[in-house]
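Chain letters run A, B, ... following the sequence lines, proteins first and then strands; every chain starts at 1. As a basis for the values below, the full set of heavy atoms in this structure was taken, side chains included, without hydrogen atoms, waters or symmetry mates.
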Amino acid sequence: MSEEKKALNFIEHIIEEDLANGLSKDKLRFRFPPEPNGYLHIGHTKAIGISFGLGETYNAPVNLRFDDTNPAKEEQEYVDAIKKDIAWLGYQWENELYSSDYFQKLYDWAVQMIKDGKAYVDSQTSEDIAQQKGTPTQVGTNSPYRSRSIEENLDLFQRMKAGEFPAGTHILRAKIDMESPNMLMRDPMMYRIMHTEHHRTGNDWCIYPMYDWTHGESDYIEQISHSLCSLEFKPHRELYNWFRDHIYDYAKEALPMPPKQREFARLNLSYTIMSKRKLLRLVEEGIVSGWDDPRMPTISGLRRRGYTPNSIRKFIDKVGVAKRENVIDVSLLEFCIREDLNKSANRVMAVLDPVKVVITNYPEDKEEWLEAENNQEDDSAGFRKVPFSREIYIEKEDFKEEAGAKFFRLQLGGEVRLKNAYIIKANSVVKDENGDITEIHCTYDEDTSKKVKGTLHWVSIKHAITAEIREYDRLFMHESPDSDKDKDFMEYVNPKSLTIKTGYLEPSLADVEVGEQFQFQRLGYFNVDDDSKSGKLVFNKTVGLRDSWAKQKPKPQNTQNHNTPKPQQQKRSAISVIQQFGKKYTNLAEEKQLKAKAEIQELAKDVAYDELEPLFGTAVKKVGTRIAVLIALKELLKNGLERNDAINEFIEKAKEDKNAILVAEASDI
RNA sequence: UGGCCUAUGGUGUAACUGGCUAACACAUCUGUUUUUGGUACAGAAGAGUCUAGGUUCGAAACCUAGUAGGCCAACCA
């Protein structure tokens, strides 16, 4: 258990502190509370990872509670999908619960609150109520119904429940403070009338409780110790506590643990969106094939794409937990899945963009079954046989008639190794009337011990099987598609996010099963899609291999411009380089300091006084920068700069400094 | 114009709660190994912690002011 202490995140710190202050460890209890109105996405995985992860580290129960208080949006389909996704991720919930289980209890407590004068029935239109609510910068005003008698409130509320009123005619409100700077405290709504059938309670209820009232008290009923949610609920905390503290008075004997809410920043992933509403739009408008389209950031989409539970959990672990807004680069997610699949996926050969190679000195009717290692990262993975014959496919990209020494692949007159087979040499090409290469004629050499620079994957044409290959690019062309308030995120949809190809695969893949994962050697990781059938295989590209060769080539497409040169790194002005030296100056060894000084003096020739003067105001504690500025200034003075008040003042201040180097430099004028 | 939250390399998180040259991961760039331009290994570059003051022997951390970003006015959650 003594794994070296990992840095705790702020939530873990809070729990540790609570434990240190006397909270018993067996009182710890968490929950994950999705609303069943859509599919879970990678963003939810963070919340799942936090609460279930805490459950695992503290060996505490974690409830799965569906926050199902809005029958208009919620469906059983989503409940099922959510359960499936959480289980797939490998988490186990203690209890499967529903806020709707607590409707009666909540109702009873609401009645109690009315009796205590803490809640009242309002009978205005929603417009009037919104009007009286004020704005964030303007206080609200009291409802004319605020001072109804307890008897009247009780009567009305009971009749609301009994279905005597149409929707929208009455609501129940908490009586708090219409002048609170927190809008949520301005007499928030507790119940509304909805004559809508609920997916679990059917037509038992026609009044439904609102989130703030329901959520916190559900936590309380379940005796959750720490209720963790995302940052936008921070302002709700005051209300959460208000409800909780009142109900605690009614129920503290039976329910001794008052839960506490804490908030963390939600996950954002670059080049995608996380809003359920917006994801739903992609589904409804047919941009994607469904919630589980492999391009979707949903858990079901990632699963279909070939992401493993392990890789996702690893990812969540790596992104950490804090309170500031963040955008995680997709490359981190890709790193996690590559790392996982590298160890587990068997390697096979598939050619996706073929060109024919004829090995002219290989007998026409000959074929050999050569041994190939399944996975060199896994000794237990074993070997298989791959057929070789006179005519094979290689990738078009792997051949050039002429190329430089940095091209390790096949070129005329050059040699290359065929993975698991022989070394071949390209002698000539056959072209069609357009000048496109249709065949490459090669000769092979049985001596495979030779050193050659490149190794290609290939597939024997007559043995190859075909498959549909689906390759994906990012769904959006903008790093944060929904961040622009003036533009609809749909404008950033990448029209080329899906490419379908026919691939030629080695015959060992003839009877793969849905979900199986492979590395197509030199190309990437692929899995068998749900649509795949024997005889009509379909593969998804999960993620490509890292490709340091591709980075060296001039980029042909421009959709990949997230690696564009950083503007600051272009060319730096002399003054900024001087500042740079300054930052390190006092940390440098003496010898290096002299070198830095010489460089600053050199750079000073390219610096105008106007650039230097603003730096005179550099904070006292940034001694290095002041030294560098002083050194540069001395150069300017040496070259004829007139002294002025600002300069004199700067030098005088330097002479009085605590730092010896600075004083020395200043005195030496 | 109000209230609340946040600010640390390109990105994300740390820094044992005020104490060594600000750490780790991804990304980037070099090498070495390699029958995957993958993996692995070795290394480099990149941050005075938003700014300005202050407290302190000592501040990324504490205080004040400012700046920037986020959240808050659904009978949604």
Side-chain angles (χ1 to χ4, degrees), chain A residues 5-9 13 33-35 37 67-70 72-74 126 129-131 133-140 167-168 170-171 180-184 186 189 191-194 208 210-212 214-215 229 231-238 263 265 270 276-277 318-329 331-336 338-339 342-343 347 349 373 376-377 406-409 417-421 423 448 451-457 519 521-524 545-552 562-563 566 568-569 582-584 586-587 617 619-625:
Chain A
K5 53 191 156 197
K6 213 185 134 210
L8 301 180
N9 65 48
H13 274 126
E35 182 189 13
N37 68 343
D67 234 330
D68 55 347
T69 58
N70 185 359
K73 288 201 209 162
E74 294 149 8
S126 56
I129 292 172
Q131 192 79 6
K133 198 146 203 177
T135 69
T137 56
Q138 216 179 337
V139 297
H170 304 277
I171 58 167
S180 169
N182 183 347
M183 299 282 294
L184 289 156
R186 324 243 255 231
M189 191 176 304
Y191 280 93
R192 78 283 213 191
I193 298 170
M194 285 176 97
Y208 290 95
M210 302 295 292
Y211 167 82
D212 287 294
T214 313
H215 188 91
C229 60
L231 234 39
E232 69 267 30
F233 290 98
K234 177 69 218 283
H236 293 249
R237 187 150 116 196
E238 193 180 354
E263 312 81 11
S270 62
K276 274 197 258 185
R277 214 191 75 240
K318 281 182 184 297
V319 299
V321 181
K323 287 207 268 192
R324 54 177 154 165
E325 300 289 322
N326 58 79
V327 181
I328 313 285
D329 200 308
S331 65
L332 184 62
L333 220 207
E334 293 178 347
F335 168 81
C336 291
R338 283 193 193 108
E339 187 185 43
N342 175 48
K343 297 195 194 85
R347 279 112 259 215
M349 292 197 285
E373 189 174 13
Q376 56 274 69
E377 305 291 324
K406 277 167 71 183
F407 186 76
F408 300 166
R409 286 112 105 138
R417 181 188 302 279
L418 295 175
K419 180 82 184 171
N420 305 315
I423 289 172
T448 60
K451 283 255 177 211
V452 287
K453 199 77 173 138
T455 302
L456 305 186
H457 63 279
Q519 184 195 100
Q521 216 136 192
R522 300 212 304 134
L523 298 175
L545 257 26
R546 270 187 84 226
D547 188 353
S548 45
W549 166 245
K551 284 175 196 159
Q552 287 174 33
H562 75 125
N563 283 334
K566 311 290 182 287
Q568 318 145 300
Q569 286 176 345
K583 287 178 184 178
K584 305 182 175 172
T586 51
N587 290 336
V620 180
K621 60 185 168 188
K622 294 184 183 171
V623 186
T625 302

A.B. asks: Quick one: the dot-bracket string of RNA chain B, using Watson-Crick and G-U wobble pairs with both distances under 3.5 Å, [ ] for crossing pairs and | for bases paired to another strand.
C.D. replies: .((((((..((((.....[...)))).(((((.......))))).....(((((..]....))))))))))).....
A.B. asks: Could you go over nucleotides 29-39 of chain B and give all protein N or O partners under 3.5 Å, atom names and distances?
C.D. replies:
residue, atom, partner, partner atom, Å
B/rU35, O4', A/R417, NE, 3.0
B/rU35, O2', A/K419, NZ, 2.9
B/rU35, O2, A/N420, N, 2.9
B/rU36, O2, A/Q519, OE1, 3.0
B/rU36, O2, A/R522, N, 2.9
B/rU36, N3, A/Q519, OE1, 2.5
B/rU36, O4, A/R347, NE, 3.4
B/rU36, O4, A/R347, NH1, 2.3
B/rU36, O4, A/Q376, OE1, 3.2
B/rU36, O4, A/Q376, NE2, 3.4
B/rG37, OP1, A/R522, NH1, 2.7
B/rG37, O3', A/S548, OG, 3.4
B/rG37, O2', A/D547, OD1, 3.3
B/rG37, N7, A/R409, NH1, 2.6
B/rG37, O6, A/F408, N, 2.7
B/rG37, N1, A/K406, O, 2.8
B/rG37, N2, A/K406, O, 3.4
B/rG38, OP1, A/S548, OG, 2.9
B/rG38, N2, A/R347, NH1, 3.4
B/rG38, N2, A/E377, OE2, 2.9
B/rU39, OP2, A/R546, NH1, 3.2
B/rU39, O2', A/N342, ND2, 3.1
B/rU39, O2', A/E377, OE1, 3.4
B/rU39, O2', A/E377, OE2, 3.4

A.B. asks: Taking salt bridge (charged side-chain N to carboxylate O under 4.0 Å, His left out) as the definition, give me every residue that meets it alongside A/R522, ordered by chain and number, with sequence neighbours left out.
C.D. replies: A/D398
A.B. asks: Quick one: which of A/K276, A/R277, A/E74, A/K73 gives a side chain to side chain donor-acceptor pair (under 3.5 Å) with A/N37?
C.D. replies: A/K276
A.B. asks: For the side chain of A/I328, counting heavy atoms from C-beta on, which of B/rG12, B/rU1, B/rA15 is nearest?
C.D. replies: B/rG12
A.B. asks: Rounded to whole angstroms, how far apart are CD on A/E339 and P on B/rA27?
C.D. replies: 10 Å
A.B. asks: Taking only nitrogen or oxygen atoms into account, show me every contact under 3.5 Å that the protein makes with nucleotides 21-26 of chain B, one pair per line with its distance.
C.D. replies:
residue, atom, partner, partner atom, Å
B/rA25, O2', A/K318, NZ, 3.4
B/rC26, O2', A/S331, OG, 3.4

A.B. asks: In this structure, how many angstroms lie between the P atom of B/rA14 and the CG atom of A/N326, rounded?
C.D. replies: 11 Å
A.B. asks: Could you encode protein contacts along nucleotides 64-75 of chain B as a string, one character per nucleotide from 5' to 3', using B for base contact, S for sugar-phosphate-only contact and - for no contact, with a heavy-atom cut-off of under 4.0 Å?
C.D. replies: ------SSSB-B
A.B. asks: Among residues at least two apart in sequence or on other chains, which ones pass side-chain contact (heavy atoms from CB on, under 4.5 Å) with A/L545?
C.D. replies: A/Q519, A/Y525
A.B. asks: In B/S/- notation, 5' to 3', how is nucleotides 50-59 of chain B contacted by protein heavy atoms closer than 4.0 Å?
C.D. replies: -SSS----S-
A.B. asks: How many angstroms lie between CD in A/E238 and OG in A/S180, if you round to the nearest 0.5 Å?
C.D. replies: 5.0 Å
A.B. asks: Scan A/H215 against the nucleic acid and name what it touches under 4.0 Å (heavy atoms): base, sugar-phosphate only, or nothing.
C.D. replies: nothing
A.B. asks: Could you check B/rU17 for me: syn (within 90° of 0) or anti?
C.D. replies: syn
A.B. asks: Could you work out, with side-chain contact (heavy atoms from CB on, under 4.5 Å) as the rule, every residue matching A/E232, not counting sequence neighbours?
C.D. replies: A/S230, A/R266
A.B. asks: By nearest nucleotide on RNA chain B, pick out whichever of A/N9 and A/E74 is the more 5' one.
C.D. replies: A/N9
A.B. asks: List the residues meeting salt bridge (charged side-chain N to carboxylate O under 4.0 Å, His left out) with A/E263, not counting sequence neighbours, and say none if there are none.
C.D. replies: A/R237
A.B. asks: Among all residues two or more places apart in sequence or in another chain, which pass the side-chain contact (heavy atoms from CB on, under 4.5 Å) test with A/E334?
C.D. replies: A/Y307, A/R338, A/V543
A.B. asks: Give one of base, sugar-phosphate or nothing for A/S180, where a contact means two heavy atoms less than 4.0 Å apart.
C.D. replies: nothing
A.B. asks: Checking all strands, does A/V139 fall into the base, sugar-phosphate, or nothing category for heavy-atom contacts under 4.0 angstrom?
C.D. replies: nothing
A.B. asks: Tell me every residue that passes salt bridge (charged side-chain N to carboxylate O under 4.0 Å, His left out) with A/E339, counting only those two or more places apart in sequence or in another chain.
C.D. replies: A/K314
A.B. asks: Return the set of residues passing side-chain contact (heavy atoms from CB on, under 4.5 Å) with A/S126 (not counting sequence neighbours), or none when no residue passes.
C.D. replies: none
